[in-house]
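Naming: A, B, ... by sequence-line order, numbering from 1 per chain.
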Amino acid sequence: MPVRTPHFPDLLFGSAARLRRWEGTLMDLFAAHGYRELHPSLVLREAVPDGALRFFDGDDLVALRWDFTMALAGLLTRTFSEPPDRVAYAGAVFRRPVQPWEAVERFEVGCERIQPHGESSAEADMELARLLMAIPGVLGLKSAILHLGNAALVRRPLEAEGLSGDLADAVVAALSRRAPHRVAQAMEGHPAAARMATHAEALLSELDGPGTLEALGASPYADLLKEERSHMDRALKGLLPILPPNLELRVDLADVAGLGFYTGPTLRLWAPGAQQELAAGGRYDRLFPDLGRPWQAAGFCVRLSRLLDLADTRPDLFEQPR
Amino acid sequence: MNAASTLLIAFPKGRLGDELVPLLAGTPLALDATALKSRVLRIPTATPGVAALLLKGADLPRYVAAGVASLGIVGSDTLDEMDMDLLELADLGFGACRLSLCALASVTLEALRAKPHLRLATKFPKATEAWLTREGLTAELVPLSSSAELAPLLGLADAIVDLVQTGGTLKAHGLVETAVLGRSSARLVAARGAYLSEPGRLRPLAEMLVEAFRIKV
């Protein structure tokens, strides 16, 4: 008899109803803010990455939808000459897990804000942050934490120092582990070693609020990152006064997850005690130009599978539905 | 305080654990001496609401990555082999040792390089493969989980890749270090989720651990 793993989870009554309810609630929230649903096919024929669930359709290698943003990018560039400004999506993606306890089939709901290249993106970033701030409340999370980051805080110094390939990967991996000593180890003997080590210390020095931005002043790249710091400062000043009750706002200068994809501000939603982030997103301005369209974009994805797991394992974190 | 709110710190058994326990003595995370003498693997600490788990080094990162233990102490050699998704907050400085290629005293590195079919016994296949790649060598890896020193003596392998602290065990088996592949020391690790979602709870404990070792090491 085959061993059943949780990688293709069956949802029983309670979880199935919760998934249906949350999907509907979030899509209603997005629709109320002008985001219209697109539903890319479950089967993708674009270049299939490692980690996708692949199979042959006749002679063609195809894959189950592994990522909504990539699937939507294909759909949008094939279908529209001018980008729709706000799109939303809901459904399952299928990806081989990095960690053994993660599921292959994951339920997601998300939204994307797309603009022609050259338009100011600051308001779009704020719009997405405000939208994400509303989500813990509509899902009934008793408390949550929103982390604001910016991929450029690491990306730009790496580019300025001409660091790429394995060395840049090692620095990013060290920052992802929040291990400044690993940054120093990876950079040993490089002319920029001392600068990158000091920068890593600055990025990792704090994780608790508006004062965190001050830490950037100690970085040798403080001048290079003036614009990002000012963007984050404006975001904090704009968001703190409208922070919903039970939501905490934190700055995470060392957020490097998805650094190969994100180009600017990033957003991550956590619940206290949750082992994984519940929603994540950010600005990814290189995606559409790489596909031949002069568009810029940002968005976030709510990881409903993780929320369902959390509701099962930590029901105390949720308000009881009436 | 209920069990669910108890914060668990994973401490290693074995060589690293033997060095660790005396270093914790007198700190807020000192382990309960009576419990230590028993066979229990969950030990109260001097801080209420914080308990220690005693785990094998190779299992420890999994407990932390899964969030069962919020903090842990483990050798960087183990971390490098396992590549788990966890945070590595500090190099604690103790438990320092070398990851070395070791062979019988009569066998040189050049002789090993010249072998058409080199066999290396190790419990560190990832670090060994990385070194082989750097050196432009190929080898058959013989996976072992303990007592690797026996492998060259009994003809199971031409050499071993293993941790060397004082060199005493090597010497006792007539082996010598022919190359140093890397260095290892104890690292303070944290569960990504617990640390990022509850920094106010974990950071003071992490800082307490770093401070305790800074003073004593």
Answer yes or no: are there more than 12 heavy-atom neighbours, outside [X] itself, under 6.0 Å from its atom [atom1]?
X        : atom1 : result
A:Lys142 : NZ    : yes
B:Arg62  : CZ    : no
A:Asp166 : CG    : no
B:Lys56  : NZ    : no
B:Glu110 : CD    : yes
A:Phe107 : CZ    : yes

Expected output: side-chain A:His181 to main-chain B:Arg187 donor-acceptor under 3.5 Å: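 Not at all, since once roles are kept as given, no pair shorter than 3.5 Å links the two residues.
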Between the side chain of B:Arg201 and the main-chain N/O of A:Gly273, is any donor-acceptor distance below 3.5 Å?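 Pair absent, no side-chain N/O of B:Arg201 close to backbone of A:Gly273.
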Side-chain touch B:Leu196/A:Arg178, heavy atoms, less than 4.5 angstrom: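 The answer is yes, as the side chains (C-beta and beyond) meet within the 4.5 Å cut-off.
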For a quick test of reading the model, state the closest non-hydrogen atom pair linking A:Arg250 to B:Pro199 and the distance between them.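 Scanning both residues, the minimum pair turns out to be NH1-CD, 3.0 Å.
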What closest approach, in Å, do B:Arg203 and A:Ser205 show between heavy atoms, and which atom pair accounts for it?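 Of all heavy-atom pairs spanning B:Arg203 and A:Ser205, the closest is NH2-O, 2.8 Å.
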Chain A contact residues among residues 67-84 of chain B, heavy-atom distance under 4.5 Å: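 Interface residues of residues 67-84 of chain B: B:Gly67, B:Ser76, B:Leu79, B:Asp80, B:Asp83, B:Met84.
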Leading residue by heavy atom contact count with chain A [cutoff under 4.5 Å; candidates B:Ser197, B:Ala190, B:Ala66, B:Gly193]: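 Going by pairs under 4.5 Å, I would pick B:Ser197.
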Which region of A:Arg182, side chain (C-beta onward) or backbone (N, CA, C, O), has a non-hydrogen atom less than 4.5 Å from a non-hydrogen atom of chain B, or is it both or neither?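 Side chain only.
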Would you mind checking which part of A:Ala271 comes under 4.5 Å of any heavy atom in chain B, side chain (CB onward), backbone (N, CA, C, O), both or neither?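 The answer is the backbone of A:Ala271.
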For the CZ atom of A:Arg177 and the CG atom of B:Leu89, what is their distance to the nearest 0.5 Å?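 That separation rounds to 11.5 Å.
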